[in-house]
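Only this structure's heavy atoms are used, side chains among them; waters, hydrogens and symmetry mates stay out.
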Amino acid sequence: QAEDGIRDSVASRGLGDVYKRQQKIRNCCGDDIRISVAIITHNEEKNLPGLLAGLDWVDEIVVVDSGSTDRTLSIARAFTDRIWTHVFSDYAAQRNWAINHCRGEWVLSIDADERPTERLRQEVLDRINDPEIAAYRIPIHSTILGHRFRFSGTQDDRPIRLFRRGCGTWFGQVHEQLSVNGRVGKMRGAMNHFTLPDLQGFLMKLNRYTTAEAQIRYESGIPCSGWDLFWRPVREVVRRLIWKKGILDGPKGWLFCTLSSFSTWIVLLKHRELLREQTCNGEKMEADARVFRAERVKNRTNERLHSVKGR
């Protein structure tokens, strides 16, 4: 019934032809599949319909969900049968798991809050015929806090997202990247990214990401001094506002640059806390060891005294 409701909603919005095209996607197999789209999801019922409705030009849609509690899976089933649930460990592992279930010659890795532009769609269909290219970088146009950003560091966002299956592997626990075996080209068409719609969403994401980043820094043995807590956040806000021209993005750009600096500070605070816990645990273990050695010396002394008295 949930899927029927989604289909009715699609039809009511004039997307009936899109749904029919999705039915063709369901039936593609073998050599018919040129382009697979790999999507990882978790509670994406707000973003997913808009993305899936715009993927009528691909041959296969693969969705890997990490235990959504909303209508994400019902929405996905209205567009594709290629759906799996997989326990989330990190972003790279989840994306690689999705790739392993794609059957197309090419894989487009995309998030639920991203939308390929019409220019990108046409360019992808034209340029996947180049036999010398193994992957393509795609420019990302970010809309943050409801504002279309052009600077603040977002202008450098050109990740590899389209690649031949078997030529790319994701790595990195938080800010994952794609390692490609082969030549990488560049697309001119862009992907629109509608991320962090409000301050609440930003702060929720900040808490998750800063915890993960601090853990990675700690496990990598990276030092973190008190001086880092001061100069690294300052460097980040200056880098984004001045060097990356974030000042030209207006008030919301200034806010974003400041929040990015705040995020850097939180990462360092959490990193310092992990190092402090390690130091405390080490000191406690050393203290316990000293007590153990003292008790052992005391016991040996008592044994000797008893031995002397026995004589």
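What you find for R161 and W170 is that their closest heavy atoms are CD-CH2, 4.2 Å. Minimum interatomic distance between E213 and V267 (heavy atoms only, all atoms of both residues): OE1-CG2, 3.8 Å. Summarising the geometry of S152 relative to D249, their closest heavy-atom pair is OG-OD2, 2.7 Å, with the distance given to 0.1 Å. The minimum heavy-atom distance linking G104 with I33 is given by the pair CA-CG2, 3.2 Å. Contact between G168 and I99 at its shortest, heavy atoms only, is O-CD1, 4.3 Å. For the pair G67 and T85, the tightest heavy-atom approach, listed with the atom from each and the gap, is N-CG2, 4.2 Å.
In this pair, Y209 and H175 present their aromatic rings tilted. The plane angle is within the 30 to 60° band. Ring geometry for F149 against H147 counts as perpendicular: the plane angle is over 60°, on a 0 to 90° scale with 30° as the lower cut.
T211 places a side-chain N or O within donor-acceptor distance of the main-chain N or O of N207, the cut-off being under 3.5 Å. Put simply, the side chain of N47 never gets that close to the backbone of A112: no donor and acceptor are under 3.5 Å apart. Formation of a donor-acceptor pair under 3.5 Å by the Q155 side chain with backbone atoms of G153 is found in this model. In this structure, the side chain of W265 does not engage the main chain of S261 through any donor-acceptor pair within 3.5 Å. The closest donor-acceptor contact from the side chain of N100 to the backbone of N96 lies under 3.5 Å. T80 places no side-chain N or O within donor-acceptor distance of the main-chain N or O of A76, the cut-off being under 3.5 Å. D228 places a side-chain N or O within donor-acceptor distance of the main-chain N or O of S225, the cut-off being under 3.5 Å. Remark: the backbone N or O of R137 is not paired with any side-chain donor or acceptor of R158 at under 3.5 angstrom. In this structure, the side chain of R188 does not engage the main chain of R119 through any donor-acceptor pair within 3.5 Å. With Q177 contributing its side chain and G172 its backbone, the two residues share no donor-acceptor pair below 3.5 Å.
For CH2 of W243, the number of neighbouring non-hydrogen atoms (other residues, nucleotides, ligands) closer than 6.0 Å is 12 at most. Annotation: E219, atom CD; neighbour count of heavy atoms from other residues, nucleotides and ligands within 6.0 Å is above 12. The neighbour count for I247 CD1, taken as heavy atoms of other residues, nucleotides or ligands under 6.0 Å away, does not exceed 12. Environment of CZ in R183: sparse, with no more than 12 heavy atoms of neighbouring residues, nucleotides or ligands closer than 6.0 Å. Atom CG of N181 has 12 or fewer heavy atoms from other residues, nucleotides or ligands within 6.0 Å.
A continuous path of Ile, Leu, Val, Met, Phe, Trp and Tyr side chains, each step under 4.5 Å between heavy atoms, connects F79 with V63, placing both in one hydrophobic cluster. The hydrophobic cluster containing V58 also contains I110, counting ILVMFWY residues as joined when their side-chain heavy atoms lie under 4.5 angstrom apart, directly or transitively. Put simply, L248 and L255 are part of two different groups of oily side chains (I, L, V, M, F, W, Y) that touch within less than 4.5 Å, one to the next. F230 and V238 fall within the same hydrophobic cluster, defined by Ile, Leu, Val, Met, Phe, Trp and Tyr side-chain heavy atoms under 4.5 Å apart, directly or through other members. Under the 4.5 Å side-chain contact rule for hydrophobic residues, L259 and L229 share a cluster.
Between atom CD of residue E60 and atom CZ of residue R103 there is a gap of 4.5 Å, rounded to the nearest 0.5 Å. The CD1 atom of I128 sits 4.0 Å away from the CD1 atom of I35 when rounded to the nearest 0.5 Å. The distance from atom NZ of K244 to atom CD of E236, rounded to the nearest 0.5 Å, is 10.5 Å. Taken from CG in D111 to CG in L51, the straight-line distance is 9.0 Å, to the nearest 0.5 Å. Note: T72 OG1 to K46 NZ = 11.0 Å, rounded to the nearest 0.5 Å. Going from atom CZ of F194 over to atom OG1 of T143 covers 5.0 Å, rounded to the nearest 0.5 Å.
In this structure, P139 and D157 have side chains that are not in contact, with every pair of non-hydrogen atoms separated by 4.5 Å or more. In this structure, N192 and E114 have side chains that are not in contact, with every pair of non-hydrogen atoms separated by 4.5 Å or more. Side-chain contact between Q173 and Y91 is absent, with no heavy atoms from C-beta onward closer than 4.5 Å. Side chains of W106 and V124 form no contact here, defined as non-hydrogen atoms less than 4.5 Å apart. Residues I138 and L120 have side chains in contact (heavy-atom distance under 4.5 Å, counting atoms from C-beta outward). Under the 4.5 Å side-chain criterion, counting only non-hydrogen atoms from C-beta, R127 is in contact with Y136. Residues L275 and C224 have side chains in contact (heavy-atom distance under 4.5 Å, counting atoms from C-beta outward). A heavy-atom distance below 4.5 Å is found between the side chains of F202 and L206.
Between the side chains of K270 and T210, at least one donor N or O lies within less than 3.5 Å of an accepting N or O. In this structure, a donor-acceptor pair under 3.5 Å is present between the side chains of T41 and D65.
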Inset, instruction - Could you walk me through whether L55 and W57 pass the side-chain contact (heavy atoms from CB on, under 4.5 Å) test, one step at a time? - result: CA-CA 5 Å; L55 294 178; W57 52 282; 4.1 Å; yes
Inset, instruction - Determine, step by step, whether D90 and V174 satisfy the side-chain contact (heavy atoms from CB on, under 4.5 Å) criterion, reporting the C-alpha distance in whole Å, the side-chain angles of both residues, the deciding distance to 0.1 Å, and the verdict. - result: CA-CA 7 Å; D90 60 63; V174 181; over 6 Å; no
Inset, instruction - Test M187 against L162 for side-chain contact (heavy atoms from CB on, under 4.5 Å), laying out the working first. - result: CA-CA 10 Å; M187 292 286 182; L162 179 66; 3.7 Å; yes
Inset, instruction - Decide side-chain hydrogen bond (donor to acceptor under 3.5 Å, both in side chains) for R148 and H141; before the verdict, give the C-alpha distance in whole Å, the side-chain angles of both, and the deciding distance to 0.1 Å. - result: CA-CA 8 Å; R148 166 72 165 87; H141 292 170; 3.2 Å; yes
Inset, instruction - Tell me, with the steps shown, if W254 and L241 meet side-chain contact (heavy atoms from CB on, under 4.5 Å). - result: CA-CA 7 Å; W254 311 339; L241 269 177; 3.8 Å; yes
Inset, instruction - Before giving the answer on side-chain hydrogen bond (donor to acceptor under 3.5 Å, both in side chains), spell out for S109 and R95 the whole-Å C-alpha distance, their side-chain angles and the decisive distance to 0.1 Å. - result: CA-CA 8 Å; S109 185; R95 291 191 190 278; 3.2 Å; yes
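For H86 and F88, the ring centers are positioned 6.0 Å apart or more.
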